[in-house]
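Here is the structure we will look at, set down as structure tokens.
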Amino acid sequence: MKPTGTDPRILSLAAEVAKSPEQNVPVILLKLKEIINNTPLGSSELKKIKQDIYCYDLIQYCLLVLGQDCSRIQGGWTTISQLTQILSHCCVGLDPGEDAEEFYKELLPSAAENFLILGRRLQTCFINAAKGEEKDEILHFFQTVTDSLFWLLGGHVQLIQNVLQSDHFLHLLQTDNVQIGSIVMTLLQNILRINSGDLLRIEGKTLHSILDEVIFKILSTPSPVIRSTSTKLLLLMAESHQEILILLRLSACYKGLRNLLNKQETGTEFSQELTQLISLLSPQIYQEVEDQKLHQAACLIQAYWKGFQTRKRIKKLPSAVIALQRSFRSKRTKTQLKLNRKKEEEDLRLQLQLQRQRAMRLSRELQLSMLEIVHPGQLEKYNREMEEKSALIIQKYWRGYRERKKFYQQRPSLTEYKAAVTLQRAVLKFLAKCRKRKKQLAPWQRLQELTDARRVELKQQVDDYIRRHSGSQISGVASRELHAQAQEQLQHYFMGRTLEERAQQHREALMAQISTNIEQLMKAPSLKEAEGKEPELFLSRSRPVAAKAKQAHLTTLKHIQAPWWKKLGEEPGDEIDVPKDELSIELGTLFIGGTKPP
């Protein structure tokens with residue numbers, strides 16, 4: 001899309017280029033130089049002119065002309081060198097607008113590559129030239145092309161990497177000519193001063209080639225100009241990038257570089273830069289460089305960590321804002337609810353007050369109406385009754401209030417009392433369990449060991465008792481026999497106590513079983529309601545009990561089945577004797593408490 005308000009000079013020039021033959025186009029494009037030079041530098045008018053030149057494809061025409069053969073162009077190298085200046089000035093400070101991608105990715109790299117190709121052509125012409133004047137003229141054109149390239153790189157630093165990686169630039173750098181080499185080395189030095197970071201972005205092979213060529217020019221070139229420029233360039237590269245310095249210090253390719261530099265002549269113009277370069281390659285400086293590298297690495301790690309933390313906080317920021325908004329809205333809602341509740345309570349209080357006033361008014365009206373009905377002689381009696389009722393109501397409410405107040409005051413103490421009772425009950429149960437378990441697990445405890453003082457006291461008591469109750473002397477044999485008898489009786493006592501404890505436990509178990517059986521019998525259903533195996537639960541495992549039950553059962557049956565004349569003279573409490581033979585016969589087939597019959 002063509003811009004509006006285009007400069008008429010650009011329009012006429014574009015029309016002339018379109019109508020003119022191909023051999024006249026380069027000369028016509030030279031008019032752009034006059035238009036650019038007549039416009040103030042840095043003004044908005046100049047930016048508009050550059051944009052018009054790009055929109056009408058005049059820059060593309062310049063690129064096409066630079067790619068043609070010099071012999072076919074009118075004016076030769078003079079026209080080409082001026083076109084390189086026009087192209088570099090038009091590309092720097094140009095706003096391509098919608099065609100930015102094409103401009104930055106295609107046009108600018110193509111322009112830089114054309115400049116390098118022109119430099120190689122001029123290098124070839126300079127080497128082949130025979131006359132000195134012709135060489136000076138070609139050298140001037142070469143200088144113009146390199147200046148245009150440097151101007152283009154200064155406006156678009158992203159092209160530096162493309163230039164450093166170009167084979168044409170490396171070929172220009174490897175020239176043996178002093179004048180061409182000096183110009184190329186100066187160009188490389190100026191490029192690195194603009195942006196030295198691109199030197200580390202190029203391929204390792206290309207970087208090694210550049211370093212090899214610079215070091216070769218320092219050590220092997222007899223020209224002091226080349227050596228001075230190369231030394232300054234290598235010093236700039238080493239000071240700008242620690243990686244290059246480490247490469248020069250540790251790489252096997254550059255082993256002995258410091259010794260070779262020490263052998264160089266002193267007292268020259270570049271001796272100061274040479275001394276600085278040698279000091280940079282010394283071990284002490286290398287240690288400082290390593291420390292600086294570690295410091296930079298630590299700073300880089302900190303930067304990445306801080307960036308990660310910042311991004312993490314920024315990522316959590318929406319949730320934090322949402323939480324803050326939620327909290328604010330919740331608080332605002334609670335405040336609004338509190339205000340509404342307070343307002344409702346105030347309205348309720350006012351309504352209650354109005355109801356009380358209305359009730360009081362109705363009560364007084366009722367009293368007045370009652371006073372009108374009551375006989376004047378009964379008025380005093382009526383007032384006295386009303387006063388008594390009022391007093392009783394006031395006393396009732398006052399006593400209720402006082403008792404409630406007293407109860408609320410005593411509530412903490414009552415709670416503490418209940419808690420204390422609960423704790424005491426739990427502690428007593430726990431202590432009883434501990435004593436019972438201790439008694440079951442440790443029926444016999446040894447006597448506590450006597451202290452020396454207690455032994456002396458007991459020995460003194462024994463001596464006093466013996467002195468007061470002196471008896472017959474007993475021989476040693478009799479004493480040992482007596483001691484053996486006492487030990488035997490003591491052992492017999494302990495064994496008997498163990499048997500007694502077991503018997504006591506057995507009795508307690510039997511009592512518990514009897515209590516359980518009694519409880520089951522009390523809760524047992526009648527024979528009419530019994531179902532299934534419920535009667536089998538009440539079979540006894542004891543033979544005496546079973547025999548006694550069998551005897552009672554047979555007695556009851558015989559008493560029921562006996563004729564009436566045998567029951568004459570009997571009382572309900574009398575027992576009926578059953579012969580033992582019959583009892584033993586019946587007992588022989590009795591099933592006792594789940595055991596097999598004998």
For K418, is there any backbone N or O sitting under 3.5 Å from a side-chain donor or acceptor partner on T422? yes
Do the side chain of S327 and the main chain of A323 share a donor and acceptor less than 3.5 angstrom apart? no
So do [Y] and [X] actually touch side chain to side chain, heavy atoms under 4.5 Å?
X	Y	answer
K338	T335	no
T146	Q143	yes
R120	L116	no
I183	L139	yes
R326	I322	yes
K306	Q309	no

Going by atom types alone, do N340 and E344 pair a side-chain donor with an acceptor below 3.5 Å? no
Once rounded to the nearest 0.5 Å, what's the spacing between atom [atom1] of [X] and atom [atom2] of [Y]?
X	Y	atom1	atom2	value
F142	D147	CZ	CG	10.0 Å
L348	R341	CG	CZ	13.5 Å
S81	I138	OG	CD1	12.0 Å
L118	T144	CG	OG1	11.5 Å
L122	H140	CG	NE2	11.0 Å
T310	K315	OG1	NZ	14.5 Å

May I ask you to check whether over 12 heavy atoms, not counting those of N190, lie within 6.0 Å of atom CG? yes
Just to verify, which of R411, E403, K405 counts as forming a side chain to side chain contact (heavy atoms under 4.5 Å, CB included) with F407? R411
Taking all heavy atoms of C91 and all of L108, pick out the closest pair and write down the distance. CB-CD2, 3.9 Å
